[in-house]
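Computed over heavy atoms, backbone and side chain alike; hydrogens, waters and symmetry mates excluded. The chains referred to below are lettered A, B, ... by the order of the sequence lines, with proteins before strands, and numbering in each begins at 1.
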2 protein chains.
Amino acid sequence: MANIQQVAQKAGVSVATVSRVLNNNATVSPHTRLKVETAIKDLNYEPSMLGRNLRNSESRLLLVLLPSISNPFYSEIINGIQTTAISNNYNILLCETDSNPDRENIYFNMIKNKLADGIISMDPAVNMQKLNELYEQYPVIQCSEYEEGGVIPYVTIDNEQAAYHAVKHLVKLGHENIALINSDEKFLYARQRRTGYERALQEFGFPIDETFIYHTQELKFSDGVQAMRKLLQLDRRPSAVFAVSDTLAIGALKEINASGLHVPEDIALVGFDKISFSNMTNPTLTTISQPMHEMGCTAARMLINSIHGEKIENIILDHEVIIRESTMG
Amino acid sequence: MANIQQVAQKAGVSVATVSRVLNNNATVSPHTRLKVETAIKDLNYEPSMLGRNLRNSESRLLLVLLPSISNPFYSEIINGIQTTAISNNYNILLCETDSNPDRENIYFNMIKNKLADGIISMDPAVNMQKLNELYEQYPVIQCSEYEEGGVIPYVTIDNEQAAYHAVKHLVKLGHENIALINSDEKFLYARQRRTGYERALQEFGFPIDETFIYHTQELKFSDGVQAMRKLLQLDRRPSAVFAVSDTLAIGALKEINASGLHVPEDIALVGFDKISFSNMTNPTLTTISQPMHEMGCTAARMLINSIHGEKIENIILDHEVIIRESTMG
DNA sequence: AAAGTCCATGTAATCGATTACAATTAAAAG
DNA sequence: CTTTTAATTGTAATCGATTACATGGACTTT
């Protein structure tokens, strides 16, 4: 309720001195400092960020753009972003776009309106033209998703190599008929993971069979179910499946069970992302783990550095193959 | 980049007039309005929320306190809150407390610092004393969780009745030995659900067997696994289990499968919350559905009304029993 | 003792908007 | 043709902080 004026009056000093105490400015005598601190306590004073932010022209808010919070893939990344943000005295504003351009616009405007100091985009469906425009004037970082040959700094993993490792793991187990459940190849990561899948097959001299590659619309459970249904209808049934997301893999698992087959005895299964539910399924799911927490921390650090005017380099983080029951015959 | 002064100068009017145009104030002649609008376009002007917020002493930000975003239970509620918030020109700040008092304090201070206009708490472990203190000065709403006999307005469901319906569903299927996997009874909802469980049993003349009631520390998958393990070691094995959260139920399911038993043939299973994964399990999970989206919308509406100085009444929403494979013999 | 330093504090401008009130002008009324 | 009244627009205070610069006093230095 009280403002800095009232504190100054009560302490018998000027507002400048109160401000100096608040900001731990060295040039205040211990005696005066004490008087001010007492007045602050007495009045139950809390500095208003509204005044401070206007004067400093900053909001200390970071925007995080993502398609949907209910997608568990993002949870850990958000955690990482938040941890780093808080320890740097920033806060994050989570922006669910639902891949809806109107929503996106609302949030882009928040940056222009000074309600946020920078933006981390994790939305694969983001309007890249607008994001690039924004980048000309404001700090922007892409996390996980990025534009090939673009100018906006990003942090991500090597999707091609990760898919390669997933498929190589299956090959080493003796599988020759390995299917791929991929998402729409309009997404860069989907193209990259397909390339990795093909490289692994080629390296071991297996042909690439287009009927073994299925593209889904989205990354939902039901897409996985549908994809697996198609794959099970093939004359030559795959003995292993690599799905580019855990949610798809869990859908595939459901369909395999429904058709009376068993994982991993009849079909081995590998997912991607190591979402928390991937070890709650039966059997637990072999998957590729991205260092999600670290990716979040890194993205936040990059953005904050960028806000401070530093030059930012792209960063590629390491992935890991998590071997669990769905590939352990 | 440009500010309201520059727009005023360019348009040849005063800043007051520009502000009137921005706020759609009626007392501006069409001719002047046009001049101003042209200047705004020419300069690419965007009003600064920092200035506006200071003047209006509001931040148009709502705080949402929750233990963890990765808990899918909260996803839909958050969605509801966000939808309502946005359509009222508010934004939400998601605050993960991890039930950590330090984190909580950071966020409580944001209210005092005017960085947020109000708070919705969904954290069962929230420090009620501090929340009550806050409520004396600032708008606060509790969502889903609340304090029995407390003064802070809340929106929730009838947990006792919901548990009663869950257990009654099992009784109707012919089960007599029904176990309860409950969470820590320091939580009000846990006590209420236990009461509902007992009322259903008593109504049908079944005794209440304490060995059939297991309390978990938290609501995690691993807690469900552990609980089920204990229940399976009993001399008289339950033929049905009601778990007070889907995550617990999914853990129980995993353990039942691991022990070679089948759901629902050997043991029927009911969860609570209808999280999205509850119909991705095998078998799909019978569960109690809370109207989560609606609960979120309601909480946000209550908070915004409260910010506008209105008097707020508590609201109890309806639940629903979702019957799926895990109870369909 | 005069001049120069340094330290602590105060004065007042500033950030970018909103808005009560004053001032101007034009239209309506007599 | 004056006087009212209404419709626009401008002036300046205000929200609550930060900070460059000015000021005054104590302490050195010569």
(request) Hey, which sits more toward the 5' end of DNA chain D by its nearest nucleotide, B:S57 or B:P30? (result) B:P30
(message) Rounded to whole Å, how long is the line connecting atom CG of A:L34 with atom P of C:dA8?
(response) 16 Å
(message) Please report the end-to-end axis angle for the helix from C:dA1-D:dT30 to C:dG30-D:dC1, five pairs per end, rounded to 10 degrees.
(response) 50°
(message) Ring-plane angle category for B:Y90 and B:H308, please: parallel below 30°, perpendicular beyond 60°, tilted otherwise.
(response) tilted
(request) Calculate the interatomic distance between B:K114 atom NZ and C:dA17 atom P; express it in whole Å. (result) 21 Å
(request) Could you pick out which residue, A:T32 or B:L54, lies toward the 5' side of DNA chain C when each is mapped onto its nearest nucleotide? (result) A:T32
(message) Whether the side chain of B:R52 and the base of C:dT18 hold a donor-acceptor pair under 3.5 Å is what I'd like checked.
(response) no
(message) Tell me the closest heavy-atom pair linking B:Y74 and B:M122, and the distance in Å.
(response) OH-O, 3.5 Å
(request) Return the value, rounded to whole Å, for the distance between atom CD of A:Q5 and atom P of C:dA12. (result) 13 Å
(request) Would you check if A:P124 and A:P67 make a side-chain contact, meaning some heavy-atom pair closer than 4.5 Å? (result) yes
(request) Report the distance from atom CZ of A:R55 to atom P of C:dA13, rounded to the nearest whole Å. (result) 13 Å
(request) Answer yes or no: is there a donor N or O on one side and an acceptor on the other, between the side chain of B:N113 and the main chain of B:L115, under 3.5 Å? (result) no
(request) For A:S87 and A:T84, indicate whether the former's side chain and the latter's backbone hold a donor-acceptor pair under 3.5 Å. (result) yes
(message) For DNA chain D, which residues of residues 11-22 of chain B approach it to below 4.0 angstrom with any heavy atom?
(response) B:G12, B:V13, B:S14, B:V15, B:A16, B:T17, B:R20
(request) Would you tell me if any nitrogen or oxygen in the side chain of A:N23 comes within less than 4.0 Å of OP1 or OP2 on D:dT18? (result) yes
(request) Could you pick out which residue, A:T27 or B:Y45, lies toward the 5' side of DNA chain C when each is mapped onto its nearest nucleotide? (result) A:T27
(message) Out of the candidates A:L54, A:N56, A:L61, only one should pair with A:E58 under the side chain to side chain contact (heavy atoms under 4.5 Å, CB included) rule; please name it.
(response) A:N56
(request) Please state how far atom CZ in A:R33 lies from atom C1' in C:dT9, giving the value in whole angstrom units. (result) 13 Å
(message) In whole Å, I'd like the distance from the CG atom of B:N53 to the P atom of D:dC15.
(response) 16 Å
(message) Between A:D98 (side chain only) and A:N100 (backbone N and O only), is there a donor and an acceptor less than 3.5 Å apart?
(response) no
(message) Is it the case that over 12 heavy atoms from other parts of the model lie below 6.0 angstrom from the CD atom of B:Q9?
(response) no
(message) Please tell me if B:S29 has a side-chain N or O lying less than 4.0 Å from either OP1 or OP2 of D:dT9.
(response) yes
(message) Without decimals, in angstroms, what is the distance between B:I4 CD1 and D:dA12 P?
(response) 17 Å
(message) If I take atom NE2 in residue B:H31 and atom P in nucleotide C:dA26, what distance separates them, rounded to the nearest angstrom?
(response) 14 Å
(message) Taking A:N79's backbone N and O only, do any of them form a donor-acceptor pair with A:T83's side chain (distance below 3.5 Å, no angle check)?
(response) yes
